[in-house]
Amino acid sequence: MNERSYAITPRRQEDYPQWYQEVVKAADLAQNAPVRGCMVIKPWGYGIWENIQKELDVRFKATGHKNAYFPLLIPLRFLEKEAKHVEGFAKECAVVTHARLEVNEHGRLVPADPLEEPLIVRPTSETIIGEMFSLWVQSYRDLPILINQWANVVRWELRPRLFLRTAEFLWQEGHTVHATQAEAQQHARKMLDVYTDFCRNFLALPVIPGRKPPTERFPGADDTLTIEAMMQDRKALQAGTSHFLGQHFSKASNIQFLDAQGQQQYAWGTSWGMTTRLIGALVMTHADDDGMVLPPRIAPAQVVILPIIPKAADAPAVMEACQALKLRLEALSYAGRPLGVELDARDLRSGPKTWEWIKKGIPIRIEIGPKDLEAGVVSLYRRDQEPKARQTLSTDALVGTLLDLLDAMQAGLLEKAQALRDTHTVEIDDLAALYAFFSSDTQIHGGFAAIHWNGDPAHWDRLAQDLKVSPRCFPFDRSYEPGKCIFTGEFSAERMIVARAY
RNA sequence: CGGGGCGUUGCAUAGUCUGGCUAAUGCGCCUGCUUUGGGAGCAGGAGAUCGCAGGUUCGAAUCCUGCCGCCCCGACCA
């Protein structure tokens, strides 16, 4: 029996990185820009980002945050205020040094009018927002301040990949200051929980929330919390982070307040962010060898209606039925928004048109042709089933069951992703077994290994070099027993998840 | 930023070593005819200053120099 052909070449098990790039291209999500390391996010990809924004924004507002906007350009001296922050970001900053262009003798434009103080393009906004917070805070009655910013940031990454690591990316960055350490710590955790819930229930990403070991912390944080997702090649992807900043940035920016006892105190900070990387996570979690597979709740549109017009004479009746169905479906509400319905009336052959929508990952395709009209039905295809698996049902039945069907598909994607993650998450207590877990002739192997480790970096370095793994997190929601360090046999209170990572 | 590979039409490639007809092929695009419940067939057509800038030469996609960009593997990172 011949295997059917697939829309994406190569397939996942043949060349996973190449497959990823082909899916991004075939689904028309984004393409490389004529600017080093930067991407153009195309309408279908940006539609996903818009839905991410809408949904997250509702959750941020529900937890008491307001949106605000701070400058793209930050004076260099602001970055210098926090030593660890400098260490972490100095190497990847784009710097603005001139204020003007001049035409030189060869007719070329050259920078002129050097700035007295260079500006950096924000790689993150702790320093500039901290500066403003210091002006906004005087009394404990001013606290907490809960701010979110939707913005772009620039980090001059050395090896860009569409969505996963680009020189410029879109994100939200939450920044808060609080009167007490406990409140700030709780807040950092609360926002991580918001992220976890959002990923599970909206993106169908079964992430593992946890705490980073000290070596993996955000530059300038006292504690970094993370959500870690497993991709289909079993590598880890950090899908979001939330930091407890202690008083580092308060001291750097002088965010002080008088407490109820009349004492000057430094405020306690948090910051947390999610980025367009999430779109990469969606691709690597849900897409298959035919292209993108979108969880219905995040899809820019849930349904595409494809008119089937074998003969020109059929066109009026078919198009009328398609329009009527579009109006009926658009009256439905799904995931808190009107149902997204595309009617693809382009004058193209239906075969290529169908494959285009399969590759874009739209959850439901509805075909209406003369035979359907005659029989009083529509033909329905699900993206989570084979491309030619057709169901026929009446329009009324479709309208009546569609929302439940979308929910079922959403749940199915989460279950599938979770099953993959659980299958490849193992507790390992023996060094040889750990090496075996991350060694194989096949390209896709390994997964998440939960190990005991006493925290001594010396042992870790060898492991990282041999296996190319990194510490991911100490997970919150696992009840791992205490045990013995995999290197030394010493007592270890909790297991840490290690994996290869993006 | 280190090692390796590569830039030829919208996309994928041949041609480069050994300089020489009008830069070729497939897909895609446009037109026409035939098809039509599944990525159509035939015919015709449009589309490339061969990544950029210099140089060598009677002559450069091809040789030389510099720069830019992309991909893979490292180190770094959301």
**OP:** Would you please name every residue forming a side-chain hydrogen bond (donor to acceptor under 3.5 Å, both in side chains) with A:W150, sequence neighbours left out?
**Re:** A:D57
Original post:
For A:R297, which residues count as a side-chain hydrogen bond (donor to acceptor under 3.5 Å, both in side chains) partner, sequence neighbours excluded?
Top reply: A:D407
Identity of whatever pairs with [N] - Watson-Crick or G-U, under 3.5 angstrom:
N: B:C30; answer: B:G44
N: B:G20; answer: B:C58
N: B:A12; answer: B:U25
N: B:C50; answer: none
N: B:A75; answer: none
N: B:G69; answer: B:C6
N: B:U35; answer: none

How many Å lie between [atom1] on [X] and [atom2] on [N], as a whole number?
X: A:E22; N: B:A12; atom1: CD; atom2: P; result: 9 Å
X: A:R346; N: B:U36; atom1: CZ; atom2: C1'; result: 17 Å
X: A:F169; N: B:C77; atom1: CZ; atom2: P; result: 13 Å
X: A:Y502; N: B:C76; atom1: OH; atom2: P; result: 17 Å
X: A:Y20; N: B:C72; atom1: OH; atom2: P; result: 11 Å
X: A:H243; N: B:C77; atom1: NE2; atom2: P; result: 12 Å
X: A:D347; N: B:U35; atom1: CG; atom2: C1'; result: 14 Å
X: A:Q31; N: B:C71; atom1: CD; atom2: P; result: 13 Å

Between the protein and nucleotides 25-28 of chain B, which nitrogen or oxygen pairs are less than 3.5 angstrom apart?
none

Original post:
Has A:K468 got a side-chain N or O lying under 4.0 Å from the OP1 or OP2 atom of B:G74?
Top reply: yes
Subject >> Below 4.0 Å: OP1/OP2 of B:A40 and any side-chain N or O of A:R349 >> reply: yes
Which value, in whole Å, describes the distance between the [atom1] atoms of nucleotides [N] and [M]?
N: B:C11; M: B:U35; atom1: C1'; value: 27 Å
N: B:C63; M: B:C17; atom1: P; value: 5 Å
N: B:C67; M: B:C27; atom1: C1'; value: 33 Å
N: B:G19; M: B:A61; atom1: C1'; value: 10 Å
N: B:U62; M: B:C50; atom1: C1'; value: 10 Å
N: B:C68; M: B:A53; atom1: C1'; value: 10 Å
N: B:U56; M: B:A60; atom1: C1'; value: 10 Å
N: B:U13; M: B:A48; atom1: C1'; value: 14 Å

Original post:
For A:R217 and A:T215, does a side-chain donor sit closer than 3.5 Å to a side-chain acceptor?
Top reply: no
Check side-chain contact (heavy atoms from CB on, under 4.5 Å) between [X] and all other residues, then give those that pass, not counting sequence neighbours.
X: A:F487; answer: A:L431, A:W453, A:H459, A:L463, A:C485
X: A:C93; answer: A:L79, A:I120, A:P123
X: A:M39; answer: A:A30, A:I41, A:L162, A:F163, A:T166, A:T276
X: A:V96; answer: A:L73, A:L115, A:L119, A:V121

Nearest to the side chain of [X], which nucleotide is it out of [options]?
X: A:P352; options: B:A78, B:G37, B:G39; value: B:G39
X: A:R165; options: B:G37, B:C11, B:C77; value: B:C77
X: A:D372; options: B:A12, B:C76, B:G37; value: B:G37

Original post:
Under the salt bridge (Lys or Arg N to Asp or Glu O under 4.0 Å) rule, what pairs show up with a residue in residues 306-326 of chain A, not counting sequence neighbours?
Top reply: A:K326-A:E330
Original post:
Taking for each residue the nucleotide of RNA chain B with the nearest heavy atom, is it A:R161 or A:K388 whose nucleotide lies nearer the 5' end?
Top reply: A:K388
Original post:
How do A:K371 and A:Q18 order along RNA chain B: which one's closest nucleotide is nearer the 5' end?
Top reply: A:K371
**OP:** Kindly indicate whether a cation-pi arrangement holds for A:K42 with A:W44, taking the cut-offs as under 6.0 Å to the six-membered ring centre and within 45° of the axis.
**Re:** no
Subject >> A:Y381: ring pair (Phe, Tyr, Trp, His ring centres under 6.0 Å) partners, not counting sequence neighbours >> reply: none
Describe the nucleic acid contact of [X] in one word from base, sugar-phosphate, nothing, applying a heavy-atom distance below 4.0 Å.
X: A:S242; value: nothing
X: A:L237; value: nothing
X: A:S350; value: base
X: A:P387; value: nothing
X: A:A7; value: base
X: A:G369; value: base

Review item, nucleotides 67-70 of chain B N/O atoms under 3.5 Å of protein N/O:
unit_1 : atom_1 : unit_2 : atom_2 : d
B:C70  : OP1    : A:G37  : N      : 3.0

**OP:** Determine, for A:R12 against A:D233, whether the closest basic-nitrogen to carboxylate-oxygen distance falls under 4.0 angstrom.
**Re:** no
**OP:** Determine, for A:K359 against A:E22, whether the closest basic-nitrogen to carboxylate-oxygen distance falls under 4.0 angstrom.
**Re:** no
Original post:
Hey, is A:W171 doing a stacking thing with B:A78, by the 5.5 Å centroid and 30° angle criteria?
Top reply: no
Original post:
Near RNA chain B, which residues from residues 375-384 of chain A have a heavy atom under 4.0 Å away?
Top reply: A:S379, A:Y381
Subject >> Residue pairs, two or more places apart or on separate chains, that pass ring-ring contact (aromatic ring centres under 6.0 Å, His included) and touch residues 194-221 of chain A >> reply: A:H85-A:F218, A:F89-A:F218, A:F198-A:F202, A:F218-A:H243
**OP:** List the steps, then state whether side chain to side chain contact (heavy atoms under 4.5 Å, CB included) holds for A:L405 with A:R382.
**Re:** CA-CA 9 Å; A:L405 175 57; A:R382 300 168 51 156; 3.4 Å; yes
**OP:** Indicate yes or no: at least one non-hydrogen side-chain atom of A:R211 is less than 4.5 angstrom from one of A:R189.
**Re:** no
